[in-house]
Asker: 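The following block contains the structure, expressed as structure tokens.
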Amino acid sequence: MNSKEAFDNVCFKIAEMYIDKGWSYSKSKHWLTKKTKKFIYRVYFYTSWSNISDRNVTFYGEFAIINPKNKLKYFCIVTHQCNIPENKLHWNIAKKEWWYVAIEEFTLWLDINFMPIVEECENNLDKYVNKVVEQGFFPSKGYVIDIDFVLNYGSIEQAQEAAKRFYDNLDDDVKPKFRENYESMINGGEAVSLYGKNHMMNHTNFRKIIENKIHIDFSVECR
């Protein structure tokens, strides 16, 4: 079996487990999507250009929550960031007898970590936003936050708390760069270093904090 057939088959076998649960599968783009009024939830399937049929065919994936208006990702995480599969960057699905492990481990990863997020967002978004403010999207990976998500679905007070927690969780060598640029730019000044300039060029938490003039009290510890 050639590498494309192996990849297509594994993707479809995973996808068909979720189609009856409101997800749609794009065979051409190799992704699963669930759209609601508030979010786009997407599972991406990936492979490699350097596959060797019947020997080594790469398979791994990503989960994302996407802003339906601008299509930017509020949150995304790739399987290997969660050490899935264990101690490897991807599964090898070159042979049919190897598919079972990849399918089982990948769907378990989705069901344990991300399908509950979809349920929380759809059933009690206010509670989930508060949870994200306090813990981040994926606590085991640190304080993973998107200030834009909090601003759109929470309050300015929650955004202020999230901004402070974001700052507190920066590496010690990054905090001075953040703070000196913040203190200059929050009142309409210029960036004082490349940190400020670069972060204003992309969709970053720093940019959202500055653009929305979110106050950060550096003297206060988050509760």
Asker: For I52, what are the other residues in its hydrophobic cluster, where any two members join if their side-chain heavy atoms are less than 4.5 angstrom apart?
Answerer: none
Asker: Rounded to the nearest 0.5 Å, how far apart are OG of S3 and CZ of F59?
Answerer: 14.0 Å
Asker: So which heavy atom on E105 is nearest to which on I84, and how close?
Answerer: O-CG2, 4.4 Å
Asker: For the residue pair Y167 and Y143, is the inter-centroid distance of their aromatic rings smaller than 6.0 Å?
Answerer: no
Asker: Which pair of non-hydrogen atoms, one from C76 and one from E62, has the smallest distance, and what is that distance?
Answerer: CB-OE2, 3.2 Å
Asker: If I compare all heavy atoms of C82 with all of I77, which pair ends up nearest, and what's the gap?
Answerer: SG-CD1, 3.6 Å
Asker: When rounded to the nearest 0.5 angstrom, what is the spacing between CD1 in I14 and CG in L110?
Answerer: 7.5 Å
Asker: Can you give me the closest heavy-atom contact between I145 and V150, atom names plus distance?
Answerer: CD1-CG2, 3.9 Å
Asker: Counting only N and O atoms by type, is there a donor-acceptor contact under 3.5 Å from the side chain of Q135 to the main-chain atoms of V132?
Answerer: no
Asker: So, do R165 and E161 sit near enough that their side-chain heavy atoms are less than 4.5 Å apart?
Answerer: yes
Asker: Measure the spacing between CZ of F178 and OG of S193 and express it to the nearest 0.5 Å.
Answerer: 12.0 Å
Asker: Under 3.5 Å, is there a donor-acceptor pair between the side chain of S184 and the main chain of N181?
Answerer: no
Asker: Show your working on side chain to side chain donor-acceptor pair (under 3.5 Å) between D111 and Y18 and close with a plain yes or no.
Answerer: CA-CA 10 Å; D111 291 343; Y18 298 94; 2.8 Å; yes
Asker: In the structure I gave you, are the side-chain heavy atoms of H199 and R207 within less than 4.5 Å of one another anywhere?
Answerer: no
Asker: Would you confirm whether K35, through its side chain, and Y41, through its main-chain N or O, come within 3.5 Å as a donor-acceptor pair?
Answerer: no
Asker: Do F137 and Y128 have side chains that get closer than 4.5 Å, going by heavy atoms?
Answerer: yes
Asker: Please lay out, stage by stage, how W91 and T58 fare under the test side-chain contact (heavy atoms from CB on, under 4.5 Å).
Answerer: CA-CA 6 Å; W91 289 271; T58 293; over 6 Å; no
Asker: If only atom types and distance count, is the side chain of K213 paired as donor or acceptor with the main-chain N or O of I210 below 3.5 Å?
Answerer: no
Asker: Please check if atom CG in D20 has more than 12 non-hydrogen atoms from other residues, nucleotides or ligands closer than 6.0 Å.
Answerer: no
Asker: Sequence neighbours left out, what passes salt bridge (Lys or Arg N to Asp or Glu O under 4.0 Å) with K95? Give chain and number order.
Answerer: none
Asker: By the definition ring pair (Phe, Tyr, Trp, His ring centres under 6.0 Å), identify the one residue from Y182, F166, Y195 that meets it with F206.
Answerer: Y195
Asker: Heavy atoms only: give me the nearest F106-Y60 pair and the separation to one decimal.
Answerer: CE1-C, 4.4 Å
Asker: Only one of F45, F7, Y44 forms a ring pair (Phe, Tyr, Trp, His ring centres under 6.0 Å) with H30, so which one is it?
Answerer: F7
Asker: Between Y153 and K38, which heavy-atom pair has the shortest distance, and what is it?
Answerer: OH-O, 3.0 Å
Asker: For S53, is there any backbone N or O sitting under 3.5 Å from a side-chain donor or acceptor partner on N2?
Answerer: no
Asker: Side-chain contact test, heavy atoms from C-beta onward, threshold under 4.5 Å: evaluate it for K13 versus V10 and give yes or no.
Answerer: no
Asker: Has the side chain of N67 got a donor or acceptor atom that lies under 3.5 Å from a matching backbone atom of K69?
Answerer: yes
Asker: To the nearest 0.5 Å, what is the distance between CG on L72 and CZ on F149?
Answerer: 14.5 Å
Asker: Donor-acceptor pair, Q81 side chain versus V78 backbone, under 3.5 Å?
Answerer: yes
Asker: Given F63 and F75, is the side-chain contact (heavy atoms from CB on, under 4.5 Å) satisfied, shown in steps?
Answerer: CA-CA 8 Å; F63 172 83; F75 166 63; 4.2 Å; yes
Asker: So does D171 pair up with K175, basic N to acidic O under 4.0 Å?
Answerer: no
Asker: Indicate yes or no: does E120 engage K127 in a salt bridge with an N to O separation below 4.0 Å.
Answerer: no
Asker: How about F114 and W109: are their ring centres within less than 6.0 Å of each other?
Answerer: yes
Asker: Drop me the distance from K131's NZ to L125's CG, to the nearest 0.5 angstrom.
Answerer: 12.5 Å
Asker: Roughly how far, to the nearest 0.5 Å, is CD1 of I103 from CG of L108?
Answerer: 13.5 Å
Asker: Between the side chains of T204 and N202, is a donor N or O closer than 3.5 angstrom to an acceptor N or O?
Answerer: no
Asker: Ignoring hydrogens and geometry, is there a side-chain-to-backbone donor-acceptor pair from D54 to M1 under 3.5 Å?
Answerer: yes
Asker: Does N83 use its side chain to pair, donor to acceptor, with the backbone of E86 at less than 3.5 Å?
Answerer: no
Asker: Does the side chain of R42 come within less than 4.5 Å of L32's, by heavy atoms?
Answerer: no
Asker: Do N198 and M201 make a side-chain contact, defined as non-hydrogen atoms from C-beta onward lying under 4.5 Å apart?
Answerer: yes
Asker: Is there side-chain contact between K177 and V192, with at least one heavy-atom pair below 4.5 Å?
Answerer: no
Asker: Assess whether side chain to side chain donor-acceptor pair (under 3.5 Å) is satisfied between N152 and Y74, documenting all intermediate values.
Answerer: CA-CA 11 Å; N152 285 335; Y74 284 128; 2.9 Å; yes
